[in-house]
Structures are given as C-alpha cells and as structure tokens.
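Structure first, commentary second.
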2 protein chains.
Amino acid sequence: MGPASFNSSDYVVLGMVGLGARSGYEIKQTVELSIRFFWTISPAQVYPSLGKLERAGLLLGRDEPQGNRPRRVYERTPAGTLALRDWLKRAEPMPFELRDIAMVKLFFADALESADARQLLAQIKSRSAERVVTLEAIRPGAEEAARAGSTHPLLTLELGIAFHQAMLEVCRRFERCPSEITART
Amino acid sequence: MGPASFNSSDYVVLGMVGLGARSGYEIKQTVELSIRFFWTISPAQVYPSLGKLERAGLLLGRDEPQGNRPRRVYERTPAGTLALRDWLKRAEPMPFELRDIAMVKLFFADALESADARQLLAQIKSRSAERVVTLEAIRPGAEEAARAGSTHPLLTLELGIAFHQAMLEVCRRFERCPSEITART
DNA sequence: GGTAACATGTAAGCGGTTACATGATTAG
DNA sequence: CTAATCATGTAACCGCTTACATGTTACC
C-alpha cells in the first residue's frame, strides 16, 4: 500500500471535525446546516472517511459512548490541520460544474405546450424561492460567526442567496414577458 | 428483460437528436455549446445511450459514412418525441444540487492566512467572470433561435449569466470590505 | 408505549469519468 | 508531413447513493 490519498469528501470531513463536529453523526448534521448548498455527504461516506483519516494520523478518535449507545468522537491532530491547509492552498482545477435536471428540462421546454412549459418554469422559480428562505434562516448564525472572526461561512452563504435571487429575477421577467427577455442590459 | 428504462442522460441524447444533432459526435458537441453550463455528457455515455434508445424504438439510426470514415446518424421517431415530452412533463423531484469544491474551500478559508484566502476568492471570481464571457458569446445564436420561436434555450442561458454575475458581485463586495458583507439589503 | 432522534455501519449497484484503442479526413 | 478534427467505441475504475441492518435513548 502506498501513502493514503484523500478525495474532496475526506477533506470535508477533516474540515468539519476542526469546526467542532465530533462524531460521524454530527459531521453529517453540520454539513446539512452549512455547506449543503454546494456539497452533500452521506453517512455511507462519512464513516469510512473517518477511519481512513484516523489511520493516516490526521484524526485522533476515541470511544465515548453515551450510556449504552456506542459513539466515537474525533479531534484533528496537528498533522490533520496541516493537511487541510495544504489542500486548501493546493492549486487544482476547480471548474464550476452544475448538474441540474430541472434546467435541462427547461432548455427543452419548447417541445411542450406552453401551459406545461410555464409550469416547469414555476417549479424552478419556487425551488429557488424556497432555497432563499432556508438560506436566510441560517444567516443569523453565520453573521454571529462572522463577528467572531469566521467570515467565510457567511460569504459562501451570501453567494448562495445571491445566485438564487438572480435566478428568481430571471424567472419572473420571463413569466411576465417571454419575448422581452432579449432586451436585456 | 423488462421494458427499457432511461436516465436523464439518455433523455438529453434523445432531446439533442430532435434539435438537429444527428451523430454521437454532433450530440456531444451540441451539448458543449448549449447545456454544458448545467449538464455534461461524455462520449462513453453517448454511444451506449444511442444504442439503447434505438433498440427501444425511440431513435432510428442508419449508417451514413463520409468516404471511408464510419458514421451513424439518427433521427427521432414519433414514439421518441412522445417519450421526450412525457419525460419533460413527468413530475419528479428536481432538487437543485451543486457540487463545487471551490465553494467548499472558500467555506473553510478562515483556516488560511488572509493572503491565501484572498487568492482563493480571486480564483472563484475569475472563474465566474470567464463563464459570463463564454455564455455571452453564445447569446447571439440563442437570441436568433428565440426570434424563430425557441425561447427556452435563451432563457436557460440568461439564467446562467445572471447567476454568475450575482456571484461576481458578491465576490467584489467582499474583496472591497470583508466585514461590510453583513450590512446587506 | 410509540415515535423521533441518536448513532454506526455494510452491500449492492448506478452513473459517470478517464484512459485507451483505432482509424479517416482536412487544413496548413 | 503533421496536427487538428472527425468519428466510434471499450474497459477499468471511482465516488456516491440507496437500501438495509442494528440497537439506544429521550420525549410525549
């Protein structure tokens, strides 16, 4: 076996442990509450990742059961912190790659009757509207963290809000007048 | 063997054949020029898809070599058109799911020295800037198609441009003043 | 006594990418 | 002559999701 190599999800786990998520369960939860907007991870990935990171010496785990309920908590080692920083600085291609069936369907929507096409657009609009609401709900926490010195979670949150709001505006404009859309700034 | 079932990429292929992309090669190219912003597909997917769709009677293929260069072209059958419309109308969950390593890194960037964090932000900014440029380059064609009655490709293009521009603005704001970001409308 | 949340994990399978393999044609 | 583009395909592999399996604890 060569030196262990890690993928992005492994680094996400490593990063989340540093932010206070101690068990696999907490890591999954924290991801849902913070970066879900641009990254997800399932339990089936988290636990193998934790094992891998521990074997590599980037995490230190110990059993800390709650009563009879088994539980293993982790902390990041100095080597783990270095490895995370190293990854964050590492130059690697980071293309923006979205895979969105809804947009694909919208692209082909000229093949539909206009009522169906309008319905599709309405779905995409409400999806973004809902997303804005959930993201706004997270904001107070992120703002507090920002005041305490961690500004980047708020920044990524703002990015998410801004871009769903931008999509909302385009949808509204098109709903009002499908042809006017060409007359853009 | 039960009835063939198709995934999203299969329907993308089916849709592109209807828009005039006749061979596997052309389909791949057309995807790059139109929906690449929210969907990609590789040759290793296109060719098996074409076979599957043909066996199911949704596409009709015939060999049309150019000289000695082998080439197989396809057209959509009426059944194929129905199947596409059916898929477009089908109610299915279409969550907005982005996977973006760059945003993940930005989220964790408080662990970096500020020079490195700023560099990361600059990368994300220029990535969106470049994307806006490439999308704007496609716009004239999409506008012409819109005038000819196909408005939805232009709509999805506008969505892409709008949301990268929104990201750009947030990045610029944060670059100017990282703390001011909380004082948003 | 039941439901929700806590907690950890495995197995199978899907969808997709990368790398490879092959060869023809066109433009410089 | 050589590089770019046209054109089609396969094999191996990776990352991730889904479904499953198991059991505990807290709350109503």
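No experiment lies behind these values; they were computed from the predicted model shown.
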*Distance from A:Arg118 atom CZ to A:Phe174 atom CZ, nearest 0.5 Å?*
10.5 Å
_Please report the interatomic distance CZ(B:Arg131) to CZ(B:Phe37), rounded to the nearest 0.5 Å._
7.0 Å
*What's the closest nucleotide to the A:Gln45 side chain, out of D:dA7, D:dT17, C:dA7?*
D:dT17
*Expected output: side-chain B:Thr30 to main-chain B:Glu26 donor-acceptor under 3.5 Å*: yes
*Distance in angstrom units between A:Arg62 CZ and C:dT8 C1', rounded*: 18 Å
*Contact residues, residues 17-41 of chain A to DNA chain D [heavy atom, < 4.0 Å]*: A:Trp39, A:Thr40
_Euclidean distance, B:Lys89 NZ relative to A:Leu120 CG, rounded to 0.5 Å_ = 12.0 Å
_Using whole Å, what does the distance between atom P of nucleotide C:dG9 and atom CG of A:Leu50 come to?_
8 Å
Please table the atom pairs, donor to acceptor, closer than 3.5 Å between any side-chain atom in residues 7-19 of chain A and protein atoms at least two apart or in another chain.
unit_1  : atom_1 : unit_2  : atom_2 : d
A:Asn7  : OD1    : A:Ser9  : N      : 3.1
A:Asn7  : OD1    : A:Asp10 : N      : 3.0
A:Ser9  : OG     : A:Gln45 : NE2    : 3.3
A:Asp10 : OD1    : A:Ser49 : OG     : 2.3
A:Asp10 : OD2    : A:Asn7  : N      : 3.0
A:Asp10 : OD2    : A:Lys52 : NZ     : 2.7
A:Tyr11 : OH     : A:Arg90 : NH2    : 3.4

_Length of the CD-C1' vector between A:Glu54 and C:dT8, whole Å_ = 14 Å
*Atom NZ of A:Lys52 to atom P of C:dG9: distance rounded to whole Å?*
16 Å
_Side-chain donor or acceptor of B:Lys28 paired with backbone N/O of B:Ile41 under 3.5 Å_ = yes
*asked:* Please check if the number of heavy atoms outside B:Glu144 that lie under 6.0 Å from its CD is greater than 12.
replied: no
_Interface with DNA chain D, restricted to residues 93-109 of chain B and to heavy atoms under 4.0 Å_ = B:Arg99
_When you measure from the side-chain N and O atoms of A:Ser42 to the phosphate of D:dT17, is any distance below 4.0 Å, counting only OP1 and OP2?_
yes
*Is it true that a side-chain atom of A:Thr156 and a backbone atom of B:Phe107 form a donor plus acceptor pair closer than 3.5 Å?*
no
*asked:* Taking salt bridge (charged side-chain N to carboxylate O under 4.0 Å, His left out) as the cut-off, I'd like each qualifying pair that reaches into residues 163-172 of chain B, sequence neighbours left out, listed once.
replied: none
_Please check if the number of heavy atoms outside A:Glu175 that lie under 6.0 Å from its CD is greater than 12._
yes
_Residue B:Glu64 excluded, over 12 heavy atoms near CD under 6.0 Å_ = yes
*asked:* Just verifying a value: how many Å separate B:Leu53 CG and B:Leu60 CG, rounded to the nearest 0.5 Å?
replied: 12.5 Å
*What is the distance from CG of B:Asp10 to C1' of C:dG15, rounded to the nearest Å?*
10 Å
*Tell me which residues in residues 68-77 of chain A put a heavy atom below 4.0 Å from DNA chain C, sorted by number, or none.*
A:Arg69, A:Pro70, A:Arg71, A:Arg72
*Of the listed nucleotides C:dG16, C:dA11, D:dC16, the one nearest the side chain of B:Asn7*: C:dG16
*Calculate the interatomic distance between B:Glu64 atom CD and C:dT25 atom C1'; express it in whole Å.*
16 Å
*Quick one: on DNA chain D, does B:Pro48 or A:Ser9 contact a more 5' nucleotide (nearest heavy atom)?*
B:Pro48
_Below 30° counts as parallel, above 60° as perpendicular, anything between as tilted: where do the rings of B:Phe163 and A:Phe163 land?_
parallel
*In whole Å, what is the span from the OH atom of B:Tyr47 to the P atom of D:dC6?*
11 Å
_Difference in axis direction between the ends of the helix from C:dG1-D:dC28 to C:dG28-D:dC1, five pairs, 10°_ = 40°
*NE2 on A:His152 to NZ on B:Lys105, rounded to 0.5 Å*: 13.5 Å
*asked:* How many whole angstroms separate atom CD of A:Gln66 from atom P of D:dC27?
replied: 13 Å
